[in-house]
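Here is how names work: the chains are called A, B, and so on, in the same order as the sequence lines, proteins then strands, and each is numbered from 1. Quick caveat, the model's predicted, so the values are computed rather than measured.
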Protein chains: 2
Amino acid sequence: MNDVASVPDLTGGHADEPKTLAEGAYRQLRRDIIEGLHRPGEKLRVEHLKDQYSVGAGTLREALQLLVTDALVVAQGQRGFRVAPISLDDFEDITRTRVLLETVALQQSIERGDDAWEANVVASFHMLSRAEDKLDDSSKNGHGREEWEQRNRAFHEVLISASPSRWIRHFQNILYLQSERYRRLSLFRQPIPRDVHAEHQAIVDAALARNAPEATRILTDHILRTLEAVRNLPDDLLS
Amino acid sequence: MNDVASVPDLTGGHADEPKTLAEGAYRQLRRDIIEGLHRPGEKLRVEHLKDQYSVGAGTLREALQLLVTDALVVAQGQRGFRVAPISLDDFEDITRTRVLLETVALQQSIERGDDAWEANVVASFHMLSRAEDKLDDSSKNGHGREEWEQRNRAFHEVLISASPSRWIRHFQNILYLQSERYRRLSLFRQPIPRDVHAEHQAIVDAALARNAPEATRILTDHILRTLEAVRNLPDDLLS
DNA sequence: GTCAATGTTTTTCTCGAGATTTTTATCCAA
DNA sequence: TTGGATAAAAATCTCGAGAAAAACATTGAC
């Protein structure tokens, strides 16, 4: 087996290059949808997109099918594909379900995490902090924000990585991807507030102190805060 | 609009015919995998299967991709598709996650369900009871068991149908499909025990009495019982 | 006898064209 | 002007063949 040391990658999950054209198109499309380049509800015509992403029709079709797995694209019978619509209700559902799963997983992680898990938590938190510094210093360029997104995701992933439930982690991955789409809307208006760093720090402290109730409480507040930010957005952004 | 009365289908969810060849192959393949016709871990070669399911190579490929969504098939980079392996650990994970999601959803359902929900619960329970009768009377023929599976699934689906969380219901669907695969193993050895009907009856009673703690307790025991049955199976069945 | 390298065979992946189905546009009658 | 039916257009869905990769078998050297 090749997971000898079980050292998770801190690169954000996109370490290995796509081994197939379809997977490459899938990743490109996924980022474009999350970034809002393809608007929610928009029709995704294979004939047009195949040129844009430089693949054949069948290959692009396969990429779209993969996106259906992530629920970022919906397929309707004999009527093609469409970007999954968004709504405040949907984000509320995503957030509450995410809180449910992520708190349980964090609890298990705090119970069972070993030294390596603690080290990974500290390391990914450090990576995230550095990305935050870069965001403050330089202007809000696109690459910096993307890097922050990757490291924020890695941080949350590492936090629950010691949970024994692969299914909870799997569902959490899907939900995180979904919420990324909504968070992008709120970040577009207001930059990352300063206290986010403090919240992350508090989660790390409580987790390392093996204080599960405190850690899950802070994590819950932390996730719910993004919901509030989206609630305060102008309605027309949730087209 | 055509959902005037919001009457859910009690046919087990496979009411509408497949509108595309790919979807047809997908459903056939899904049943064959759940039924164990394709063994866990088995390699699924497109060239062989395309004749067996009477579709083109690209179409079968698409069907396999859909199965990846349900986690019944795993795709490995440039090395084709494979039936998802099974293990006792996996089933334990599936069961515990299912308990977590289904109890929350049932609680919400009991809180918010209206008259129509109550009627659907009673109706689907009746359908399930009839299927149980047929199972007892006639021999354990294949069709009867399949019908029971469909109605059992419909029953559990209706129970949580009043939950407002589409995401929990979505995840529950996936997990139910997974557990069906394992349940088939235990049913193969021992027929459905008699007290399953009593358990279902107790859940219905508690749900209609709006006794959420009691209903979730029984539901939890009910789901965990299948885990015990699988635990007592000979090890070699979990190949 | 073991191991590495090479060549063959199988399988997957990709593409473009044809067959169906859906969507849009046009026309005619009420 | 509105409504429905017919015809044209566009898009989806499907298929089989060719290119790329992986798995397998054979051979040869140490």
Side-chain angles (χ1 to χ4, degrees), chain A residues 1-2 14-30 32-33 37-85, chain B residues 1-2 14-30 32-33 37-85:
Chain A
M1 294 302 134
N2 54 6
H14 72 122
D16 33 15
E17 287 302 302
K19 288 302 173 205
T20 178
L21 279 188
E23 198 181 334
Y26 157 70
R27 296 197 191 175
Q28 235 175 307
L29 256 166
R30 189 176 69 177
D32 288 347
I33 289 177
L37 206 132
H38 300 294
R39 304 272 295 277
E42 181 184 320
K43 202 148 189 341
L44 295 170
R45 290 181 188 80
V46 175
E47 297 301 309
H48 296 168
L49 267 56
K50 78 191 188 83
D51 301 321
Q52 191 171 339
Y53 291 90
S54 318
V55 292
T59 304
L60 188 78
R61 200 176 174 67
E62 203 170 314
L64 287 172
Q65 206 62 256
L66 284 172
L67 284 164
V68 173
T69 301
D70 299 329
L72 288 170
V73 164
V74 291
Q76 323 160 279
Q78 198 97 248
R79 288 188 277 175
F81 298 90
R82 197 173 276 279
V83 178
Chain B
M1 291 304 133
N2 54 6
H14 73 123
D16 33 16
E17 287 302 303
K19 287 302 172 205
T20 178
L21 279 188
E23 197 180 336
Y26 156 70
R27 295 197 191 176
Q28 236 176 307
L29 256 166
R30 188 176 70 177
D32 288 348
I33 289 177
L37 207 131
H38 300 293
R39 303 273 293 278
E42 181 183 319
K43 200 147 190 345
L44 295 170
R45 290 181 188 80
V46 177
E47 297 301 308
H48 295 171
L49 266 56
K50 77 190 188 80
D51 302 321
Q52 190 172 341
Y53 290 90
S54 318
V55 292
T59 304
L60 187 79
R61 200 176 173 67
E62 202 169 314
L64 287 172
Q65 206 61 257
L66 284 171
L67 284 164
V68 173
T69 300
D70 300 330
L72 288 170
V73 164
V74 290
Q76 323 159 280
Q78 197 96 247
R79 287 189 275 175
F81 298 90
R82 197 172 276 280
V83 178

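For the pair A:Q76 CD and C:dT23 C1', the computed distance is 13 Å after rounding to whole Å. Between the CD atom of B:Q78 and the P atom of C:dT14 there is a distance of 6 Å, given to the nearest Å. The distance from atom NZ of B:K19 to atom C1' of D:dA11 is 18 Å, rounded to the nearest whole Å. Here the C1' atom of nucleotide D:dT12 and the CD atom of A:Q65 are 13 Å apart, to the nearest Å. A straight line from CZ of A:R82 to P of C:dT22 spans 15 Å, rounded to a whole angstrom. At whole-Å resolution of the value, CZ in A:F81 and P in C:dT22 are 15 Å apart. Taking atom CD on A:E62 and atom P on C:dG16, their separation rounds to 16 Å, with Å as the unit. For B:E23 and D:dT12, the CD to C1' distance is 14 Å, given to the nearest whole Å.
Atom CG in A:L60 sits 9.5 Å away from atom CG in A:D51 (nearest 0.5 Å). The distance from the CG atom of A:L29 to the NE2 atom of A:H38 is 5.0 Å, given to the nearest 0.5 Å.
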For this session: Check the pair A:R39, A:V83 against side chain to side chain contact (heavy atoms under 4.5 Å, CB included), reporting the backbone distance first and the verdict last.
Result: CA-CA 7 Å; A:R39 304 272 295 277; A:V83 178; over 6 Å; no
For this session: Go through the steps for B:F81 and B:V68 under the test side chain to side chain contact (heavy atoms under 4.5 Å, CB included), then give the verdict.
Result: CA-CA 9 Å; B:F81 298 90; B:V68 173; 4.3 Å; yes
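If you find the closest nucleotide of DNA chain C to A:S54 and to B:V46, the one lying nearer the 5' end belongs to B:V46.
Counting any heavy atom pair closer than 4.0 Å across all strands shown, B:L44 reaches sugar-phosphate atoms only and no base atom. The residue B:E47 sits close to a base: some heavy atom pair falls under 4.0 Å. In this structure, B:K43 reaches the sugar-phosphate backbone alone: every heavy-atom distance under 4.0 Å involves primed, P, OP1 or OP2 atoms, never a base. Residue A:G80 is in sugar-phosphate contact alone, with no base atom involved, counting any heavy-atom pair closer than 4.0 Å across all strands shown. Using a 4.0 Å heavy-atom cutoff across all strands shown, A:A22 reaches sugar-phosphate atoms only and no base atom.
Closest to the A:R45 side chain, of the nucleotides D:dC15, C:dC13, D:dA11, is D:dA11.
Considering B:T20, B:D70, B:L64 as possible partners of B:Y26, the one that fulfils the side chain to side chain contact (heavy atoms under 4.5 Å, CB included) test is B:D70.
Residue A:R61 has a polar side-chain atom (N or O) positioned under 4.0 Å from OP1 or OP2 of D:dC13. Phosphate contact (OP1/OP2 of D:dA11, side-chain N/O of A:H48, threshold under 4.0 Å): present. For A:T59, a side-chain nitrogen or oxygen approaches OP1 or OP2 of C:dC15 to under 4.0 Å. Within the 4.0 Å cut-off from OP1 or OP2 of C:dT23, at least one side-chain nitrogen or oxygen of A:R79 is found.
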